[in-house]
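The next block holds one structure in the form of structure tokens; read it before the comments.
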Protein chains: 2
Amino acid sequence: MGVLRKTKSVEVVLHEFSKDSSAISVITLVERLQLDMNKTTVYRILNKLEDDGIVHSFLGKNGHKWYAKCHNCSSAVHKDVHPHFQCISCGKVECLEINVPIPDIPNRKVEVSQILLQGKCEACYD
Amino acid sequence: MGVLRKTKSVEVVLHEFSKDSSAISVITLVERLQLDMNKTTVYRILNKLEDDGIVHSFLGKNGHKWYAKCHNCSSAVHKDVHPHFQCISCGKVECLEINVPIPDIPNRKVEVSQILLQGKCEACYD
DNA sequence: AATTTAACGCAACTAAGTTGCAACAATGAT
DNA sequence: ATCATTGTTGCAACTTAGTTGCGTTAAATT
């Protein structure tokens with residue numbers, strides 16, 4: 001499954017990602033687009049955009065879902081398995097373009113790593 | 001706040017952690033103890049046990065809360081900021097006694113790191 | 001045993017995310 | 001351009017993790 005039709009709603013959602021380079025939580029998106037579309041539509045479009053490798057998702061500090069634009073993904077391979085950074089002051093979430101090497105773990109095969117770092121962001125830094 | 005009284009319910013919850021060395025999700029715990037106590041009680045006891053540094057919590061792959069016994073914590077300092085491993089086959093979650101070094105990030109101060117690794121556990125490994 | 005007050009059970013609530021279905025609209029064919 | 005097809009949307013109702021308020025119960029202390 002993926003995005004098949006270029007609807008108004010899809011364009012509106014895409015626009016939100018194009019104007020903001022940081023990640024957006026679904027909650028924020030639903031709230032921000034409540035006049036444009038139903039929350040069900042937001043959830044469904046995000047699902048499809050992720051299938052298509054256009055955005056990727058991850059969980060913020062409360063276990064709520066966040067989305068951000070992908071840089072080097074396709075529907076086949078989601079390469080964007082970078083860490084994410086959430087500011088504990090302003091709540092903003094960003095993708096970090098760094099590589100965190102995961103040590104080998106005996107008798108276990110790590111396939112996915114989900115790393116959420118929390119602290120003070122650039123703007124909230126003392 | 002913390003555990004002030006040694007009630008039957010507290011002992012039952014503690015017993016669950018003593019008989020199982022891997023982590024337990026709140027959902028499982030509520031279900032497993034439904035004959036012993038109310039789910040509200042489970043949530044409240046876990047909260048207090050965490051405050052006291054007896055257990056620590058983290059989020060599993062669906063954003064659901066998990067708890068595991070602490071090894072070197074106190075109510076003042078939660079030292080148990082190790083990574084967790086969740087098996088994608090059987091769903092089991094374990095604490096990993098390894099250290100994942102987080103690289104310094106320019107202009108940001110990392111205070112907490114939440115690392116969830118997913119893959120095949122010892123038992124489900126091919 | 002009486003008193004104090006933390007802890008408990010219960011029911012009702014909140015909020016994120018999902019589902020089913022009828023109505024609508026983007027796309028390709030005519 | 002119009003029609004038919006079928007993917008997409010809105011709506012309402014639902015599911016489920018987690019929380020809250022409050023009256024009752026039961027630890028701990030005297």
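Chain naming here is simple, since letters A, B, ... match the order of the sequence lines and numbering starts at 1 in each. In this text the structure is predicted, and so the values were computed from the model without any measurement.
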Give me, pair by pair, the N or O atoms of the protein and of nucleotides 28-30 of chain D that are less than 3.5 Å apart, along with how far apart they are.
unit_1  : atom_1 : unit_2 : atom_2 : d
dA28(D) : OP1    : K6(B)  : N      : 2.9

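- By the 4.5 Å heavy-atom criterion applied to side chains, I45(A) and M37(A) are counted as neighbours.
- Taking 4.5 Å as the limit, every side-chain heavy atom of L96(A) sits out of range of all side-chain heavy atoms of H84(A).
- dA7(C) atom P lies 11 Å from atom CG of D51(B), rounded to whole Å.
- With rounding to whole Å, I45(A) atom CD1 is found 12 Å from dG10(D) atom C1'.
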Please list, for nucleotides 14-18 of chain D, all pairs of protein and nucleotide N/O atoms separated by less than 3.5 Å.
unit_1  : atom_1 : unit_2 : atom_2 : d
dG18(D) : OP1    : K65(B) : N      : 3.2
dG18(D) : OP2    : Y43(B) : OH     : 3.2
dG18(D) : N7     : K39(B) : NZ     : 3.2
dG18(D) : O6     : K39(B) : NZ     : 3.0

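- Between K61(B) and V112(A), every side-chain heavy-atom pair lies at or beyond the 4.5 Å cut-off.
- Side chain R44(A) to base dG10(D): a donor-acceptor pair is found below 3.5 Å.
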Which donor-acceptor pairs under 3.5 Å do side chains of residues 101-109 of chain B form with protein atoms, sequence neighbours excluded?
unit_1  : atom_1 : unit_2  : atom_2 : d
N107(B) : ND2    : E122(A) : OE2    : 3.2
R108(B) : NE     : E94(A)  : OE1    : 3.0
R108(B) : NH1    : P106(B) : O      : 3.4
R108(B) : NH2    : E94(A)  : OE1    : 3.3
R108(B) : NH2    : E94(A)  : OE2    : 3.3

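- A close approach under 4.0 Å does not occur between any side-chain nitrogen or oxygen of T40(B) and OP1 or OP2 of dG9(C).
- Computed from coordinates, the L46(A) CG to dT9(D) P distance equals 11 Å when rounded to whole Å.
- Rounded to whole Å, atom C1' of dA26(C) lies 12 Å from atom NZ of K48(A).
- Looking at P83(A) and Q114(A), their side chains never come closer than 4.5 Å, going by heavy atoms from C-beta outward.
- Note that the two end axes of the helix from dA1(C)-dT30(D) to dT30(C)-dA1(D) enclose an angle of 30°, each drawn from 5 base pairs, rounded to 10 degrees.
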Which donor-acceptor pairs under 3.5 Å do side chains of residues 27-34 of chain A form with protein atoms, sequence neighbours excluded?
unit_1 : atom_1 : unit_2 : atom_2 : d
T28(A) : OG1    : S25(A) : OG     : 2.7
R32(A) : NH1    : E16(A) : OE1    : 2.7
Q34(A) : NE2    : E31(A) : O      : 3.4

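- Here the C1' atom of nucleotide dG7(D) and the CG atom of N47(A) are 15 Å apart, to the nearest Å.
- Out of dC10(C), dG10(D), dC8(C), the shortest distance to the side chain of T41(A) is found at dG10(D).
- Here the shortest heavy-atom pairing between G60(A) and W66(A) reads N-CD1, 3.5 Å.
- Residues passing the side-chain contact (heavy atoms from CB on, under 4.5 Å) test with N38(B), sequence neighbours excluded: T40(B), T41(B).
- Straight-line distance from the CG atom of L33(B) to the P atom of dG9(C): 11 Å, rounded to whole Å.
- With rounding to whole Å, K8(A) atom NZ is found 15 Å from dC24(C) atom C1'.
- Using a 4.5 Å cut-off on side-chain heavy atoms (C-beta onward), F17(B) and Y67(B) make contact.
- Side-chain contact check for Q86(A) versus L116(A): some heavy-atom pair is nearer than 4.5 Å.
- dT20(D) atom C1' lies 12 Å from atom CG of N38(B), rounded to whole Å.
- Contact of the F85(A) side chain with the C121(A) side chain is registered, since non-hydrogen atoms from C-beta on lie closer than 4.5 Å.
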